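Everything on this sheet refers to the single structure shown next.
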Amino acid sequence: LLLRCNTLRFRYYPFETVSKGICRHSKNRSKRHKLMETKHYDVIVIGGGSGMKIMNPASKKGLKVALCERWKLGGTCLNRGCIPSKMFIYPAQIATQVRTESEPLNVPATLRETQFEALVDRVCATIDRDSDSIGPRIQANPNVDWYHESVRFIGNKTLLAPDSNVTLTGDKIFLATGAQPSIPNIPGLAGTPYMTSTEALRCRTRPKSLIVFGGGYIACELAFYFAGMGVDVTLMARTTLLRHEDSEIAAEFARVFSALPHMTVHTHTKFHQVSCEGVGDTRRFSVEYSSGEDAAHHTLASSDLLVATGVVPCSADLNLTSTGIEPTPRGFIPVDERLRTPVEGIWALGDVVGHHLFRHAANYQSEYLAANVIYEGRSWAQAGEVPPIAYHGMPHAVFSYPQIAGVGPTEDELQAAQSPYVKGVNPYSSSAYGMAMRAESGLVKILVHKETRKLLGCHIVGHEASVLVHEVIPFVQMGLRLDDLLETIHIHPALSELVRNAARKARDALVSSGVDIPAILRFR
């Protein structure tokens with residue numbers, strides 16, 4: 001059944017719902033003529049993704065917990081986000097490397113047609129098996145009731161689970177409902193059979209051709225996946241690609257990404273009209289657009305359309321105003337630096353608060369709350385006594401081709417803040433392992449405070465960027481200096497020497513600017 005919820009299109013499947021270990025199938029809901037039952041819990045968690053990292057320690061502590069999740073357990077990351085997308089992107093990476101890298105390495109290879117349907121079936125089966133294994137474990141937990149349905153506030157710290165005919169109250173409530181794809185207001189788009197990321201990750205039929213709307217990390221990752229699998233992809237972005245990245249990193253990414261086989265990129269695009277005719281093999285999307293300063297209208301056609309223009313928080317259905325919470329204009333739940341909402345006893349975390357929309361950020365937040373609120377047993381007021389959550393070492397990555405990763409402020413942000421800094425930039429080709437790869441793209445940038453020599457940030461574009469950045473994350477998280485990185489012994493000739501080489505160039509930039517540094521650092 002294909003449902004439309006606000007701006008989101010998503011696939012909904014009838015699952016069994018579990019409460020107190022009793023399975024209720026969707027066709028056997030509680031009868032409406034029964035009196036409404038009220039249940040009180042020590043902890044209520046809304047969201048079955050990172051929210052379960054609060055549910056688990058609470059139940060192990062012996063607290064009575066209600067878990068509310070209307071979809072499959074495991075959250076966006078497991079079911080329709082990070083994990084399945086990477087399971088698709090890795091084969092696309094291998095296919096792209098065969099097409100683009102085998103000949104320069106003197107191992108010319110020909111890629112046979114990719115097994116698109118088999119790949120999708122394998123990935124979906126793996127994901128479903130993992131997700132479906134969570135429910136029985138929760139059902140067996142005597143301290144947890146799982147409400148597999150939509151719940152909403154109907155009063156102060158009071159929730160309604162309508163399918164179970166239960167009113168829920170809790171001492172501590174945690175909102176972790178995540179985010180969902182947002183759909184732009186483009187004339188003609190509504191009502192056409194476009195895909196969002198949700199449908200794209202379950203698409204079993206290889207598109208004949210594909211237009212992708214978007215220029216962020218979801219668009220760039222999924223566009224690469226389909227192009228890597230041999231689909232002719234046209235990506236259309238309203239501005240530039242990955243505009244929130246360091247501009248030097250984004251420019252290098254765009255140069256390589258735009259030249260990939262099966263890939264065409266249009267930036268600074270204005271969308272005028274979308275239409276779709278035909279069904280099945282005869283289906284044809286048409287997109288009327290203009291580019292940049294060119295006022296002329298052009299038309300592109302494809303068999304399929306993927307809309308990946310960002311996300312919006314899943315907060316509209318919670319009826320938050322009933323419990324005294326006023327969402328931000330964009331729908332995010334406001335929280336303080338300790339993840340407390342304005343209402344005593346209610347916390348929020350993950351994508352729904354809008355701070356670093358990554359699963360590792362949501363996990364970090366849930367671990368912070370589990371330690372300070374659940375394990376230590378602090379009340380909402382007492383939680384104000386603990387140190388605020390620290391995000392300065394929050395990393396990120398884009399799993400496209402090439403990869404991007406970063407931690408700390410970008411050079412653009414340092415310039416805007418007029419911070420004194422120097423940088424060291426090292427291309428992949430200027431390293432021993434880069435020579436082995438015959439690398440023609442990629443770079444590592446390290447940013448250092450000019451006065452304190454503190455490592456401010458690191459930004460990478462190129463092979464295994466998401467792995468390389470981990471060397472610098474602890475330095476930024478712990479407030480360490482360039483000296484500490486230069487004193488670190490690097491394996492030769494590992495790819496991680498790229499980070500060391502960039503650090504050396506940052507040191508040289510300090511010396512060139514007249515900064516006095518210890519003699520030993522000049523020889524590291």
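Values in this document were obtained by computation on a predicted structure and should not be read as measured data. This chain uses plain numbering: 1 for the first residue, then up along the sequence.
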- Message: Is there a salt bridge (Lys or Arg N to Asp or Glu O under 4.0 Å) between R438 and E101? Walk through the geometry before answering.
- Response: CA-CA 9 Å; R438 298 200 69 184; E101 299 180 20; over 6 Å; no

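In this structure, N56 contributes its side chain and M52 its backbone to a donor-acceptor pair below 3.5 Å. E245 places no side-chain N or O within donor-acceptor distance of the main-chain N or O of A250, the cut-off being under 3.5 Å. Remark: the backbone N or O of A439 is not paired with any side-chain donor or acceptor of S429 at under 3.5 angstrom. A donor-acceptor pair under 3.5 Å is absent between the side-chain atoms of T323 and the main chain of L320, judged by distance alone.
Each of R284, K208, R283 was scored for a salt bridge (charged side-chain N to carboxylate O under 4.0 Å, His left out) with D304, with one residue passing: R283.
Within 6.0 Å of CD in Q415 there are more than 12 heavy atoms belonging to other residues, nucleotides or ligands.
Using the six-membered ring where Trp is involved, H298 and Y289 have ring planes that are tilted, between 30° and 60° apart. Using bins of under 30°, 30° to 60° and over 60° for the plane-to-plane angle, the ring pair F358/H356 lands in the tilted bin. Classified by interplanar angle (parallel below 30°, tilted 30° to 60°, perpendicular above 60°), the ring pair F174/W347 is parallel. Relative ring orientation between Y401 and F224 is described as parallel, the plane-to-plane angle staying below 30° on a 0-90° scale split at 30° and 60°.
In summary, E248 and K445 engage in a salt bridge, as defined by a charged side-chain N under 4.0 Å from a carboxylate O. Between R80 and E199 no salt bridge is recorded (no basic side-chain N to carboxylate O distance below 4.0 Å).
In this structure the side chain of E69 never reaches within 4.5 angstrom of the side chain of E149, judged on heavy atoms. Looking only at side-chain heavy atoms (C-beta outward), L242 and C220 come within less than 4.5 Å of each other.
Taking CZ from R202 and CG from D121, the interatomic distance works out to 10.0 Å, rounded to the nearest 0.5 Å.
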